[in-house]
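Take a look at the structure set out below.
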Number of protein chains: 2
Amino acid sequence: MSDMSTVLIGKKPAMNYVLACLTVIQNGSNSVTLKARGRAISKAVDVAQILTRRFATDVGVKNIAINTEQVKSIETGAMSNVSSIEIILER
Amino acid sequence: MSDMSTVLIGKKPAMNYVLACLTVIQNGSNSVTLKARGRAISKAVDVAQILTRRFATDVGVKNIAINTEQVKSIETGAMSNVSSIEIILER
């Protein structure tokens, strides 16, 4: 069940992820977790703000954690570090 | 004194801001606050991770807050919302 309440932020417009979060919440979940890496981190913050301020004002930020993940390049096979963020939203 | 321990993340390379944070810490401050808006949010997370994992391993993340700020466009004068982040690092 925990996987179902996680929304991975990627390259789509922020609004797509806001809708994904709203779907999770309207299916009865009390919390939804946003995860993003690299440049998508800014978008994750946007999604959290749009959601909690406009569409689900009863939902708030419970916790934010940042981390570093090792990513292997598909092209060169080299390892590189990329920052990640995890925003837990809760009703 | 609180202004002196705040580093505003902008368009320069991440390493510039890491050095700015190190300067704050080496001047005797026990905490440094990173602030960023919009796309610079990802870079703020990078700076926090590079600093705490490589250059100042005795410094850790104390708190992370996200918010929305209203910005007035210089060109059109229109108001728009922009996400912001505040990362408090502490020894």
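Proteins get letters first, then strands, A, B, ... in listed order; numbering begins at 1 in each. Given the structure is predicted, the values throughout are model-derived calculations rather than measurements.
With a 4.5 Å cut-off on non-hydrogen atoms, B/Val45 touches chain A through its backbone and its side chain both.
Other cluster members for A/Ile88: none, since no ILVMFWY side-chain heavy atom sits under 4.5 Å from it. Hydrophobic cluster membership for B/Val71: B/Val82 (Ile, Leu, Val, Met, Phe, Trp, Tyr linked by side-chain heavy atoms under 4.5 Å, directly or transitively).
Cluster membership check: B/Leu8 does not share its hydrophobic cluster with B/Val18, using side-chain heavy-atom separations under 4.5 Å among Ile, Leu, Val, Met, Phe, Trp and Tyr.
In this structure, the side-chain contact (heavy atoms from CB on, under 4.5 Å) partners of B/Ala48, at least two apart in sequence or on a different chain, are A/Ile66, B/Leu34, B/Ile87, B/Leu89.
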Could you list each N or O donor-acceptor pair linking chain A to chain B at a distance under 3.5 Å?
unit_1  : atom_1 : unit_2  : atom_2 : d
A/Gly38 : O      : B/Ser42 : OG     : 3.3
A/Arg39 : O      : B/Ser42 : OG     : 3.3
A/Ser42 : N      : B/Ser42 : OG     : 3.4
A/Ser42 : OG     : B/Gly38 : O      : 3.4
A/Ser42 : OG     : B/Arg39 : O      : 3.3
A/Ser42 : OG     : B/Ser42 : N      : 3.4
A/Ser42 : OG     : B/Ser42 : OG     : 2.8
A/Asp46 : OD1    : B/Ser83 : OG     : 2.5
A/Gln49 : OE1    : B/Thr68 : N      : 3.3
A/Gln49 : OE1    : B/Thr68 : OG1    : 2.4
A/Arg53 : NE     : B/Thr68 : OG1    : 3.3
A/Arg53 : NH2    : B/Asn67 : OD1    : 2.7
A/Asn67 : OD1    : B/Arg53 : NH2    : 2.8
A/Thr68 : N      : B/Gln49 : OE1    : 3.3
A/Thr68 : OG1    : B/Gln49 : OE1    : 2.4
A/Thr68 : OG1    : B/Arg53 : NE     : 3.3
A/Ser83 : OG     : B/Asp46 : OD1    : 2.5

